[in-house]
Each structure stands twice: as structure tokens, then as C-alpha cells.
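For reference, the structure is listed below as C-alpha cells.
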Amino acid sequence: MPPDLHEALDNWFVQEVLPLEPMLIGYLRNHCREADDIVDLRQDVYVRVYEAAEAGVPANTRAFVFAVARNLLIDRARHRQVAAIVALAPSGELPDPVDELCPERHAMGRQDMQCLQQAFSDLPPKCREVVELRKIAGLSQRDVAAQLGITEGTVEKQIAKGIRFLAAALGAYGSKVKTISETGVA
Amino acid sequence: MSKHLEIERQAAAWLARKDGDHWSAADQAQLDRWLALATAHRVAYLRLAAAWSKTDSLAAGATAPAAAPARPDRALPRFSQWRIAAAVLVTVGAAAGWSAMRSPPPEVRYETQLGAHQTYALKDGSKLTLNTATLLRARVSRGARTVWLDKGEAYFDIAHDTAHPFVVIAGANTITVLGTRFTVRREAGGTEVAVVDGRVRVENGQMPSQPPVILVKHQKVLATPEAMRKSEESEGAIDRQLSWREGKLVFDQVTLDAAASEFNRYNKKKLVLADADAARLKIGGRFDVDNIEGFAHLLQRGFGLDVRETNDAITIASRRPPAARRAGTTHPHRD
């Protein structure tokens, strides 16, 4: 695939698909008993959605994402022969996520900010110090290391950890999932 | 460990490395290869990158209350619960470092309307005075002192604190001080920094290869995208430049053109110079910033200039040739 197409798809994915993450996690949780699987399911949905979009970006992203999620749940249930989940997953009985999700999605911008603030204060202390100096004070990683008297390698590791925490917190918002512990970041 | 969690770890490691100071073209090529290897890599990376860039909005102050003209009584909210070592170039010992910072101080907006000027006290003991039509945001507590001059001009009287430099960010320019008095003025042509007392460091972000300019008492610099022009000023010149803090404009042999553009910073009604002869006239004197009519009157009487006033402008022209006067451009005060 040419790079510019990748770029367009990446933008679509970031702007249209990723904001659905709290709803997607909520949906997966409602239809999957094993909490440990949520992260893998979520990422499998993303992979399928992205690969399908390479052939053509769907007109209705939300409907598409949740159709993919539903199909994935059904496949998985058949594969594992877990009757309870199959019973939950027939297409006719699934809520229509499009209508259901509109108002929540609309309000997400502000909630994102509150969520981010919460996520910041929930970061482990060392990680938070590094992330705040880097992101809020705007210091470079080198300057963060100098200020805290630690190596740049340590700063980089804490940043990597912080990124995963923040992503998990953003995804968890509104889904009533303790995603941070479930994703095993800690 | 699940496949996806391992991928997420790798994606986070890539992002953190890219966020650092040693990212090279070879690194980028390697990352591109990793991303192309599997869609699972790409979506994991995009997800983390999106979350990481979202945190920029926290730093940009998206959480601050809606913009409203700053009121002095609201200028000093709950600082005490916030501490952050935000200052650039401070070296804090490792032991102290981990406990030196909690959350950043909240952002406070200060704004003045056209023609106004206002002084504010900051939590760290510093004082700042905003000139006409100025917008400034501050994150200041005892441990962190950063302000953003978004537009206009401000005078800073900075409380001395060697452990916590006071940082003024004016667009691409960063001004770092320990304790001093100076002004920063943003205009279309560039950012000007003038030092009344003490020592100030100015960095021009648009010229990263240029070393920072160090200014001491009575020096100033004009930072533009292309240059850093440093100059020595007399004490009087600096004082004149600061007379706006008393609501005055003080001119000493400046062109009428320059004087008019100073007045125009403070007033809705604008002074317009109709011709180059008028624009080149040198004038001096002390005026209230809002007394544009009085200034025009003086030009009329003292210099015999042609002055015409409408609702939103006062147009000043040199004396017209006789032909023009016959066409009806005379005024009562002409010679």
C-alpha cells in the first residue's frame, strides 16, 4: 500500500475508530465473560477494521466497528463452543450501537479531558513525575533526565509506561472497566 | 502474556524512543518496517500515539475555565494544592526530585481590553502589568513559574528565586530569568524584550541554531523569525518605553508615524497619516494614552498640520498646496 493511503487510513482510524473505544470495551464486556480477553478482542477488532478499510473505508464507521465486534464474538464463541455467549450474540438481539452511542460520543471531548486529568493523577508516582515534566512543563526527555537526576533510558521507560496507562485510561472511560489493571500495564 | 499486550509494549517503547532526543532517520526506517510487519502493530501504535498526543491538550490549557476577562479578585485561585517543578534548566538533586512535583499549577488567564492596563500579583511574589489589548496565561506557584504572552505587552517584576527560573514564552521565543524587571512586547514584526534591571536570557525558537541572547540592564533585543537584534538603550529610553504603566506615552524625537502607531495600540479611533511628509515629522512630549484628540489638536496648532476627524479615524496631513485648499480642505487653524 502506498504511504499516502496509509496516512489517510491512519487518520481515519485515529479520528473515527479510536474514539469509540469506551463503547467498544463496554460492548465487549457485555458479551464476554472473561475480562482477560477484552484487550485481545479489542485489538482483534481494530486489526479487522483496519484491514477491511484498506479495501474501502466504510461509510458508517460506528456501525461497521460494532458489526466487526459482533462477528468476532460469534466466531470466537463458535470456536470455543461456549453456548452462553452464542446465546447472547444473535444479530437480531443486539442493541443498535449507532443510535445508542450518539449522545455519549458527542459529549466525549470534555469527558476526555476529565478522564485525562484523572489518569494523570492515577499514574504511579515516578511515572507521573516524568510524564508531567515532559508533557506539561514541556521539557525534552534529556532535560527531564537532568532535572530528576536519572538517565535518559529511565525517562524513556517511564514515558513508555505512561503512554500505556494514559491510553488505557482514555479507553476505559465510560465503560466501567478497570482497564488499567486488566490490560496488565501495572 | 497475550500477543496483543506484548505488541502494545513494543509500540509504547517505539513511541517513547521517538519522543526522546536521539531519534534518527535510521530509527524511523526501523519503525516503519515494524509497522508494516503486521496490522496489529500499526493499530496498537496508532492507539497509543493518539492517547499520547491527546495529553498535549492538557498542557495547552484545554482544562482551564472558559476564557473571561481576568478579574483581580479571581486572579489567585487555589495554588497551594499544586506544585510542579516546571522550570527549564533547573538542576534538582535526585533525592529531592521525586518529591518535588505533584500536579501542575492551574492555568490562569489575564486579559486587558484596548486602552487598559492592569497590574496583578502572582503567587510567587512577582508582579506583572499588562498593557493594552494583552492576553497572558500563567501557571505560577512557588515551585513553578511559567507564563505565556499570547499577545500584547507586559511588564514583569519578578521575585528572586534562583531555584525556580521564571519563564516567559512569547510565541517562538523563550525568556528565562531568575529575578529581575523587564518587558516583553509581541507585535507582528517580532518580539521585543527590554531589561530594566537584572539579567534575562532570550531564546528564539525559530532560530534553533542561534545561541541564546543574554540581556542585562538597559539592553533590549528584537527577535524576529530571521534575526535577534540586540541594542543598548539609555535609562531614559527604557523609562519612556515603560511609561504606559502610568497610562502615558512619552516620546522623545520620534517620527509622527511611530507615535501614531503607539497611540493606535490603545484606541479604537485610529490616527492615520495621509502623506509621507507628515509621517516623517519628529515630535516629542508626554501624553495620556487615550488622549488622541488632544494629541491631534496639538499637531494642528503646533505643527500646522491638517487634521480631519471622523467617528473611527483622525487623518493627519501636511499643509495642502493652495489648489487643494480651494477645493475645500481648509480648517480654522491654518496659518
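So you know, we letter chains A, B, ... as the sequences are listed, proteins then strands, and number each from 1. All of these numbers come straight from a predicted model, not from anything done at the bench.
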### Message
Counting heavy-atom pairs closer than 4.5 Å to chain B, which one of Gly153(A), Gly162(A), Ala167(A) comes out on top?
### Response
Ala167(A)

#### Entry: Nearest atoms (heavy-atom pairs only) where Val43(B) meets Gln43(A)
CG2-NE2, 4.0 Å

### Message
If you count heavy-atom pairs within less than 4.5 Å of chain A, which of Ala16(B), Ala38(B), Ala13(B), Ala51(B) leads?
### Response
Ala16(B)

### Message
Taking 4.5 Å as the heavy-atom cut-off, does anything in residues 21-37 of chain B contact chain A, and if so which residues?
### Response
Asp21(B), His22(B)

### Task
Starting from the C-alpha separation in whole Å, work towards a yes-or-no answer on side-chain contact (heavy atoms from CB on, under 4.5 Å) for Arg47(B) and Arg164(A).
CA-CA 9 Å; Arg47(B) 175 174 171 274; Arg164(A) 298 180 66 206; over 6 Å; no

### Query
How long is the gap from CG on Asp40(A) to CG on Leu5(B), to the nearest 0.5 Å?
6.5 Å

### Query
Looking at residues at least two apart in the chain, or sitting in another chain, which of them share a salt bridge (Lys or Arg N to Asp or Glu O under 4.0 Å) with Glu156(A)?
none

### Task
Check whether any side-chain heavy atom of Lys161(A) sits under 4.5 Å from a side-chain heavy atom of Arg9(B), and report yes or no.
no

### Query
Can you name the closest pair of heavy atoms from Asp44(A) and His4(B) and give their distance?
OD1-NE2, 2.8 Å

### Query
How far does CD1 of Ile163(A) sit from CH2 of Trp14(B), to the nearest 0.5 angstrom?
13.5 Å

### Summary
dist Lys157(A):NZ -> Arg17(B):CZ (nearest 0.5 Å) comes out at 12.0 Å

### Message
Could you report the tightest heavy-atom contact between Leu18(A) and Leu46(B), atom names first, then the distance?
### Response
CD1-O, 3.7 Å

### Task
Determine, stepwise, if the pair Leu9(A) / Arg42(B) fulfils side-chain contact (heavy atoms from CB on, under 4.5 Å).
CA-CA 11 Å; Leu9(A) 270 182; Arg42(B) 179 171 290 274; over 6 Å; no

### Task
Search all heavy atoms of Leu170(A) against all heavy atoms of Lys54(B) and return the closest pair with its distance.
CD1-CD, 3.7 Å

### Query
Residues in ring-ring contact (aromatic ring centres under 6.0 Å, His included) with Phe13(A), at least two apart?
Tyr46(A), Tyr50(A)

### salt bridge (Lys or Arg N to Asp or Glu O under 4.0 Å) partners of Glu192(B), counting only residues at least two apart
Lys220(B)

### Query
Do Asp19(B) and Arg134(A) sit within salt-bridge range, that is, some charged N less than 4.0 Å from a carboxylate O?
yes

